[in-house]
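Only one structure is covered here, and it is reproduced in the block below.
Because the structure is a prediction, the values reported are computed rather than measured. In what follows, chains carry the letters A, B, and so on, assigned in the order in which the sequence lines appear, proteins first and then strands, with residues in each chain numbered from 1.
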There are 2 protein chains.
Amino acid sequence: MQRPTWGADVTRTAVLALIGAQGPVSRAELARSLKVSAALVTQLTRQLIADNLLEELDVVPSAGGRPGRLLGLTSSAGNAIGVKVVADHVALVEVQIDGSVVRSATEQFDAFAPDALDRLSRIVGAFLAGSTRPLLGVGVGLPGNVDVASQGVVDSSQLRWQQYPVGQTLRRDHGLPVLVENNVNALTMAERLYGEGRHHDSFLVVTLGTGIGGGLVADGAVVRGASGAAGQIGHVPVIPGGPACQCGNAGCLEALIGEQALVATARERGLRVGGGIDDLRALADEGDAAARAVFQEAGELLGRTLAGVVNVLDPEIVIFLGEGLAAWRHWAPGFEPAFRSGLLPQLRGIGISIESWQDDRWAQGAASLVLATPFDTDGRSGEQGRLVRQRLVDQSLAGGRP
Amino acid sequence: MQRPTWGADVTRTAVLALIGAQGPVSRAELARSLKVSAALVTQLTRQLIADNLLEELDVVPSAGGRPGRLLGLTSSAGNAIGVKVVADHVALVEVQIDGSVVRSATEQFDAFAPDALDRLSRIVGAFLAGSTRPLLGVGVGLPGNVDVASQGVVDSSQLRWQQYPVGQTLRRDHGLPVLVENNVNALTMAERLYGEGRHHDSFLVVTLGTGIGGGLVADGAVVRGASGAAGQIGHVPVIPGGPACQCGNAGCLEALIGEQALVATARERGLRVGGGIDDLRALADEGDAAARAVFQEAGELLGRTLAGVVNVLDPEIVIFLGEGLAAWRHWAPGFEPAFRSGLLPQLRGIGISIESWQDDRWAQGAASLVLATPFDTDGRSGEQGRLVRQRLVDQSLAGGRP
DNA sequence: ACCCCTTTGTTTAGGTCTTAAGGAACCATA
DNA sequence: TATGGTTCCTTAAGACCTAAACAAAGGGGT
């Protein structure tokens with residue numbers, strides 16, 4: 001029952017992530033930022049220093065009391081690969097142990113092809129070959145349901161995959177630990193480790209892209225739900241008997257304000273949006289009132305629905321992510337009033353964070369599966385976690401002192 | 001970060017609760033039921049036996065292997081008082097350490113009176129005087145926001161209380177530990193400990209009564225949310241610009257299918273429901289089609305809204321509780337299809353549990369605040385928890401061997 | 001009788017985290 | 001100079017939990 005959620009042992013990874021993101025930091029600062037006792041930081045950093053992942057650096061000028069000793073990353077231990085799979089392409093990144101991206105690529109892909117899995121494996125293999133550093137493992141994020149991250153058997157209606165042994169195949173072909181997860185869960189994990197979510201113990205992640213996704217963090221841990229499907233904000237029923245949704249139901253939020261729905265609405269209203277959502281955004285950018293109205297109405301719907309979710313979950317903050325944010329300024333006029341007015345009065349002050357979006361973010365999320373794993377000592381990520389750990393130790397011993 | 005949620009240490013209490021509810025049980029059975037390692041059960045039961053709360057009984061006939069030793073409650077250690085406060089009355093119960101109710105009472109009350117708090121205290125005092133057993137403490141459940149259970153400062157629009165020092169007052173007057181919580185959270189805790197929720201690690205509690213309430217349990221712990229307000233299912237916005245709700249917003253679920261709303265709707269349709277919801281239910285029971293339609297439509301709305309919540313949270317099961325369940329068979333025809341059809345296909349098999357309702361259930365929930373507390377050794381319930389613990393130890397030492 | 005199997009329960013070692021208490025290093029001011 | 005206040009960090013003790021190994025107590029088949 002102790003921290004039974006998916007989410008590995010966030011704390012040690014969070015130490016590395018914080019140092020990676022903010023540069024060298026003192027132990028005291030670490031304890032404050034991570035909302036963890038100073039004693040624990042002492043213990044963890046001792047281990048990390050012993051493992052050659054951290055090193056003591058300068059002393060900080062002192063601010064009234066004893067000066068702190070800065071801790072910095074050695075960051076020579078190994079990188080991780082993140083893979084994002086969607087229907088028509090694959091994005092890959094190589095990240096350092098602190099979560100920063102050092103290399104990325106995008107490859108065409110056809111998920112519907114009969115040999116999709118083999119092709120995916122080849123694409124991953126080619127990317128792996130380009131790495132100059134020792135690798136800890138591969139994280140894969142994709143739209144769909146994953147049994148358990150450590151196994152990696154995938155069901156995805158979006159990719160038309162049924163019981164695809166993604167994890168097994170990649171492991172076999174490349175001899176690296178492989179962790180597979182739903183893409184939004186992976187992204188939520190990354191957000192918790194490296195993003196705005198670092199500063200909050202419970203938050204809601206909303207992704208605006210082709211679809212509408214959501215991730216939940218409560219008490220510091222990613223909530224997977226009973227069947228690993230928590231967070232499906234896009235499939236909250238909004239309009240009874242509304243347009244059909246991919247999921248098989250009708251009137252889901254996603255069926256109303258997903259990319260396709262927006263474009264369809266625009267087309268109905270006589271707008272020229274042959275090129276899809278980008279055209280619609282371009283029109284709105286140019287000041288086209290009808291285009292703006294499409295976004296604004298979508299914003300209202302999103303705001304009202306999200307208000308309900310927030311009323312139920314009472315998170316500290318809501319974080320928006322995704323490609324769709326490029327048009328956020330057109331959503332906002334509809335979203336803000338609808339959202340605030342739907343919130344319970346005492347929640348009305350809740351913060352929202354629109355994170356700037358880089359396209360490799362999804363893949364970075366996948367990589368964080370690997371980066372979170374080495375420290376999951378309870379084996380919640382199973383055999384694959386043990387392997388990642390093994391590789392990490394090997395390499396920090398080998399690469400540390402010559 | 002270790003089990004940071006509200007919710008005390010469920011495990012030890014759960015041991016007592018299970019034994020209380022199911023009678024004597026072997027250690028191995030405990031471990032299985034509570035999904036906890038056998039080693040832990042050994043440790044916990046050793047402590048509980050040492051504390052004179054449990055005792056070893058007979059041996060079970062054996063089923064192929066070594067026979068188990070049954071553990072039973074001594075249940076002489078002390079009782080707890082649960083108090084449920086609503087606008088016009090107060091319900092009180094005395095429960096044993098296993099959660100079973102031994103005594104109950106209901107008193108008239110006027111929460112709007114200027115001296116409401118003193119009167120509440122007198123009511124509690126009179127009930128306390130009727131107890132023949134040593135008491136561990138008092139738990140209070142009420143509709144509204146509570147800062148922290150251990151402090152007990154209450155804001156409640158429903159009771160028109162602002163910053164009422166409920167905990168402090170009762171403590172001062174009666175010299176007992178007092179824990180105060182939102183009523184639905186308290187009920188959810190009781191459900192987790194003594195109800196259907198024992199068997200599930202994540203579930204949703206929905207209360208149907210004057211209002212519509214909700215409680216969340218994820219990974220075994222009650223989710224309070226960032227500001228202690230999680231679970232407000234009743235205030236999910238459903239119809240934009242709909243009828244005004246107590247909370248200040250418009251079109252909330254509760255404003256549409258709360259008791260008052262149902263009665264109002266019935267009245268609009270010419271039904272004679274002067275006596276309120278009971279009349280409406282009586283009509284429906286008699287077969288009045290219009291009355292049934294009111295319930296059925298409400299069921300549809302509830303079903304659709306709840307489907308959204310379930311899609312987002314992915315709980316194992318949904319548990320319904322509350323006075324309103326008396327009319328459930330009239331809700332069900334509307335609820336079931338709307339609920340199932342709003343669920344994501346893979347969640348469609350989710351279980352729902354309609355728990356039979358006893359009116360002292362709310363108060364029992366409040367009492368479970370106290371019963372959960374003695375084992376909250378990390379002091380999450382603060383000073384009051386320490387006091388309850390103290391009393392428990394004192395009495396098990398004093399009352400144990402004569 | 002004997003041996004193997006199953007189930008129950010305990011021990012041990014270990015990991016994660018916390019509070020409490022105190023030592024270490026620096027500042028300011030009397 | 002020394003005295004106290006800060007801030008940083010560590011030590012020590014202990015709660016909660018688990019996996020693994022083992023001990024204990026019964027079957028049943030040969």
(message) Heavy atoms from C-beta onward define the side chain here; which of D:dT18, C:dC17, C:dG9 lies closest to that of A:Leu40?
(response) C:dC17
Atom pairs under 3.5 Å, N or O on each side, protein against nucleotides 22-24 of chain C: can you list them with distances?
residue: C:dG23; atom: N2; partner: A:Arg66; partner atom: NH1; Å: 3.3
residue: C:dA24; atom: O4'; partner: A:Arg66; partner atom: NH1; Å: 3.4

(request) Evaluate the side-chain proximity of B:Asp201 to B:Arg192: yes if any heavy-atom separation is below 4.5 Å, no if none is. (result) yes
(message) Between C1' on D:dC8 and CG on A:Leu70, what's the gap in Å once rounded to a whole number?
(response) 12 Å
(message) Test of understanding: with salt bridge (charged side-chain N to carboxylate O under 4.0 Å, His left out), list the residues that count as partners of A:Glu316, not counting sequence neighbours.
(response) none
(message) Distance check needed: D:dG14 C1' versus B:Leu44 CG, whole Å only.
(response) 15 Å
(request) Spell out, as yes or no, whether a donor-acceptor pair under 3.5 Å connects the side chain of B:Glu181 to the backbone of B:Ala366. (result) no
(request) Please determine, for the side chain of B:Ala28, which listed nucleotide (D:dC9, C:dG9, D:dC8) has the closest atom? (result) C:dG9
(message) Heavy atoms from C-beta onward define the side chain here; which of D:dA15, D:dC9, C:dT18 lies closest to that of A:Ser37?
(response) C:dT18
(request) May I have the distance from B:Asp201 (atom CG) to D:dC17 (atom P), rounded to whole angstrom? (result) 12 Å
(message) I'd like to check A:Val15 versus A:Leu71 (side-chain heavy atoms, cut-off strictly below 4.5 Å). Are they in contact?
(response) no
(message) I want to check one thing: is the phosphate of D:dA24, taken as OP1 and OP2, less than 4.0 Å away from some side-chain N or O of B:Arg69?
(response) no
(request) Could you state the atom-to-atom distance from CD of B:Glu29 to P of C:dG9 in whole Å? (result) 10 Å
(message) Check this one for me: any side-chain N or O of A:Arg27 less than 4.0 Å away from OP1 or OP2 of D:dT7?
(response) no
(request) Go through the steps to decide whether B:Glu56 and B:Arg27 satisfy the test side-chain contact (heavy atoms from CB on, under 4.5 Å), and finish with yes or no. (result) CA-CA 10 Å; B:Glu56 281 199 332; B:Arg27 290 174 178 82; 2.8 Å; yes
(message) Does a side-chain N or O of B:Ser26 approach OP1 or OP2 of C:dG9 to a distance below 4.0 Å, or not?
(response) yes
(request) Looking only at side-chain atoms of A:Gln43, point me to the closest of C:dT18, D:dC9, C:dG9. (result) C:dT18
(message) I need the CG-P distance between B:Leu48 and D:dA15, as an integer number of Å.
(response) 14 Å
(message) Within the 4.0 Å heavy-atom criterion, would you say B:Ala38 contacts the bases, only the backbone, or no part of the nucleic acid?
(response) base
(request) Check every atom of C:dA25, C:dT11, D:dC16 against the side chain of B:Arg46 and return the nucleotide holding the closest atom. (result) C:dT11
(request) Give A:Ala39 one of three labels, base, sugar-phosphate or nothing, depending on what nucleic acid heavy atoms sit under 4.0 Å from its own. (result) base
(message) For B:Glu196, is there any backbone N or O sitting under 3.5 Å from a side-chain donor or acceptor partner on B:Glu191?
(response) yes
(message) I need the CG-P distance between A:Asp58 and C:dC26, as an integer number of Å.
(response) 14 Å
(message) So if I apply the side chain to side chain contact (heavy atoms under 4.5 Å, CB included) rule between B:Pro315 and each of B:Leu216, B:Leu204, B:Val217, which one comes out positive?
(response) B:Leu204
(message) Rounded to whole Å, how long is the line connecting atom CD of A:Glu56 with atom P of D:dT10?
(response) 7 Å
